[in-house]
Amino acid sequence: MNILFVASECAPFIKTGGLADVIGAVPKALAPLGAKVRILLPAYPALSAELARGREVLPLPDLLGGPARVVAVTARGLDLFLLDAPHLFDRAGNIYLGPDGTDWPDNALRFGALSQVGAQIAMGALDGWVPDLVNAHDWQAALVPAYLHAAGSAVPTVMTIHNIAFQGVFDADVLAPLGLPADMFTVDKGEYYGRFSFLKCGLMLASKVTTVSPTYARELMDPGFGMGLDGVMQARRADLTGIVNGIDLDVWNPETDPAIAAPYSARNLRKKAQNKSALQDRFGLTPDAGPLFCVISRLTTQKGLDLLLEVLPSLLAHGAQLALLGTGDKGMEQAFADAASRHAGQVGVIIGYDESLSHLMQAGSDAIVIPSRFEPCGLTQLYGLRYGTIPVVARTGGLADTVIDANLAALDAGCATGVQFAPVTAMGLEQAIARTCDLFAQPKVWAAMQRRAMRQSVGWETSARAYQTLFQALI
Ligand code: ADP
């Protein structure tokens with residue numbers, strides 16, 4: 001079975017969020033099941049070394065306004081097709097945003113081109129390789145089904161939603177430059193309140209739709225979560241599956257992680273303490289013995305971190321500390337930086353993106369807080385479980401599916417792995433933090449939870465089988 005993934009990010013090459021981790025991990029998990037995945041990815045500057053090593057497999061003399069080509073290369077165990085289109089992708093800075101922090105004005109063309117080339121490959125443009133199925137990820141790839149539909153192709157497609165908040169909505173006049181027929185602008189395809197939505201178009205035309213957790217799949221049909229596409233999701237209900245994300249167990253392994261201060265396992269949890277000391281040191285926190293909470297996140301309202309700011313005094317009153325690593329909303333960055341200077345020694349804040357530090361934080365913290373208002377899957381709670389860092393999570397999306405709340409029954413049955421709270425309010429979070437501190441104060445109960453969390457299966461095995469079954473059924 002040959003599968004083409006079309007996506008705008010792929011770890012370890014280019015990453016702004018969880019999408020990249022998933023694209024980098026699923027192909028490796030599918031390989032032993034007999035599914036060979038190749039990934040079509042824009043050749044951003046971050047991929048220039050791979051581009052230089054690659055082999056041109058498809059010249060594209062004029063791709064939406066400039067010369068382009070597809071280059072095949074195998075890198076870090078992944079088979080990549082790089083879409084080398086300098087007029088679209090060879091620019092410094094964020095892959096989605098210009099220097100002023102707003103979307104690149106030609107994003108419709110950039111990712112329309114990516115989708116168009118994905119569809120061409122699906123229809124046999126390459127010598128010697130043709131996929132049996134295309135899996136398009138998020139709005140940036142959502143026009144693959146549209147191009148295939150317009151060409152009358154029957155190649156099956158799966159549209160995967162990693163976050164429905166990002167939809168790629170543009171004025172309807174983008175259709176002509178994208179080379180799509182005017183009939184894409186109808187209510188059963190991409191028309192969306194007078195504009196053209198890449199994601200809606202992909203959702204309407206794909207053979208099947210998946211998202212990254214069963215709970216998020218249900219939530220997407222609800223107006224509170226569907227972000228205006230709940231009706232579309234209801235319409236596709238019979239073709240919608242939620243498959244929870246896993247993590248790369250080689251990259252996220254506390255026994256071998258080169259980015260942490262001291263390796264440890266569920267059997268020698270005491271060594272986790274050395275990571276805590278290193279982390280306290282790194283964040284300028286006093287070497288207290290109370291619970292150390294961490295946050296590793298984009299700072300946006302989705303992530304609910306404004307709630308954490310509200311309950312910070314209560315967290316500190318429990319004798320707890322906070323270490324936060326994140327970037328995003330400027331107001332929130334400032335608010336956390338202010339909190340750090342107000343509570344020096346107890347609150348440490350690093351504004352920025354630092355992959356290596358995020359590993360040390362997972363290793364050195366006692367708990368990780370994720371108060372998201374919505375969370376399609378979430379990865380940081382999975383890393384937390386693997387590192388014995390107890391997740392304290394909002395009961396939504398993938399957070400609800402992957403963490404077992406330490407209520408009395410679960411503690412009694414010996415199956416709790418974290419703390420969940422609902423509703424997602426400051427009071428809900430405050431009570432969850434209080435419960436966590438209470439559990440932390442019972443070393444035996446806490447250690448048992450940590451060990452259980454560390455043994456929970458968070459890899460890709462089960463989910464890879466679910467993807468494989470879905471793909472197989474379509475081919
Ligand atoms: P989302 O994709 O919505 O941002 P996820 O939890 O699915 O949220 O994935 C976020 C990924 O990005 C995780 O791998 C997390 O460790 C990483 N991450 C987020 N912010 C930072 C940061 N400031 N520094 C390092 N890694 C980060």
Side-chain angles (χ1 to χ4, degrees), residues 7-26 94-97 137-140 160-166 211-213 215-216 225 227 242-253 257 259-260 279 282-283 294-305 308 323-330 332-333 336-337 348-365 368-387 389 391-394 396-403 418 458 460 463:
S8 57
E9 304 183 20
C10 175
F13 310 106
I14 181 82
K15 167 169 167 177
T16 74
L19 167 66
D21 293 288
V22 176
I23 302 302
V26 177
N94 185 285
I95 56 176
Y96 306 124
L97 311 174
H137 295 271
D138 272 352
W139 79 263
Q140 294 88 351
T160 300
I161 305 168
H162 296 263
N163 190 337
I164 208 158
F166 305 106
T211 189
V212 290
S213 70
T215 296
Y216 195 56
F225 289 91
M227 307 231 166
I243 301 175
V244 78
N245 285 339
I247 62 173
D248 188 325
L249 298 179
D250 296 328
V251 175
W252 295 94
N253 181 353
D257 193 332
I260 70 178
L279 185 59
R282 181 80 183 261
F283 276 82
C294 78
V295 169
I296 304 159
S297 185
R298 293 186 290 119
L299 304 179
T300 66
T301 46
Q302 174 195 339
K303 300 293 180 179
L305 294 165
L308 183 60
L324 175 140
L325 169 67
T327 62
D329 180 274
K330 295 297 161 214
M332 219 181 280
E333 288 182 354
F336 275 108
V349 168
I350 295 180
I351 300 300
Y353 190 95
D354 188 336
E355 190 77 33
S356 163
L357 178 57
S358 77
H359 284 246
L360 177 65
M361 292 176 76
Q362 292 285 3
S365 305
I368 179 161
V369 195
I370 313 168
S372 306
R373 293 192 163 87
F374 66 94
E375 193 59 76
C377 180
L379 294 174
T380 55
Q381 84 279 13
L382 301 178
Y383 305 146
L385 291 168
R386 179 104 164 116
Y387 281 67
T389 298
V392 180
V393 303
T396 186
L399 300 173
D401 290 333
T402 55
V403 174
V458 289
W460 273 104
S463 297

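All ligand and atom numbering here is 1-based and tracks the order in the structure. For the single chain, residues carry numbers from 1 onward in sequence order.
- Counting only heavy atoms from C-beta outward, the side chains of Thr402 and Asn245 never approach each other to under 4.5 Å.
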Filter the ligand 1-protein atom pairs down to N or O on both sides and distance under 3.5 Å, then list them.
| from | atom 1 | to | atom 2 | distance (Å) |
| --- | --- | --- | --- | --- |
| ligand 1 | 2 (O) | Gly18 | N | 2.6 |
| ligand 1 | 3 (O) | Arg298 | NH2 | 2.8 |
| ligand 1 | 3 (O) | Lys303 | NZ | 2.8 |
| ligand 1 | 4 (O) | Arg298 | NE | 2.7 |
| ligand 1 | 6 (O) | Leu379 | N | 3.0 |
| ligand 1 | 8 (O) | Lys303 | NZ | 3.1 |
| ligand 1 | 9 (O) | Gly18 | N | 3.3 |
| ligand 1 | 14 (O) | Lys15 | NZ | 2.9 |
| ligand 1 | 14 (O) | Asp21 | OD2 | 3.3 |
| ligand 1 | 14 (O) | Tyr383 | OH | 3.2 |
| ligand 1 | 23 (N) | Gly352 | O | 2.8 |
| ligand 1 | 24 (N) | Asp354 | N | 3.0 |

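- Side-chain atoms of Tyr383 and Ile296, non-hydrogen and from C-beta on, never get closer than 4.5 Å to each other.
- Taking the side chain as every heavy atom from C-beta outward, Leu357 and Phe283 approach each other to under 4.5 Å.
- Of all non-hydrogen atoms in Glu9 and Gly17, the two that sit nearest each other are OE1-N, 3.3 Å.
- Two residues are said to be in side-chain contact when any heavy atoms from C-beta on lie closer than 4.5 Å; Phe374 and Ile164 fail this criterion.
- No donor-acceptor contact under 3.5 angstrom links the side chains of Gln362 and Asp257, judged on distance only.
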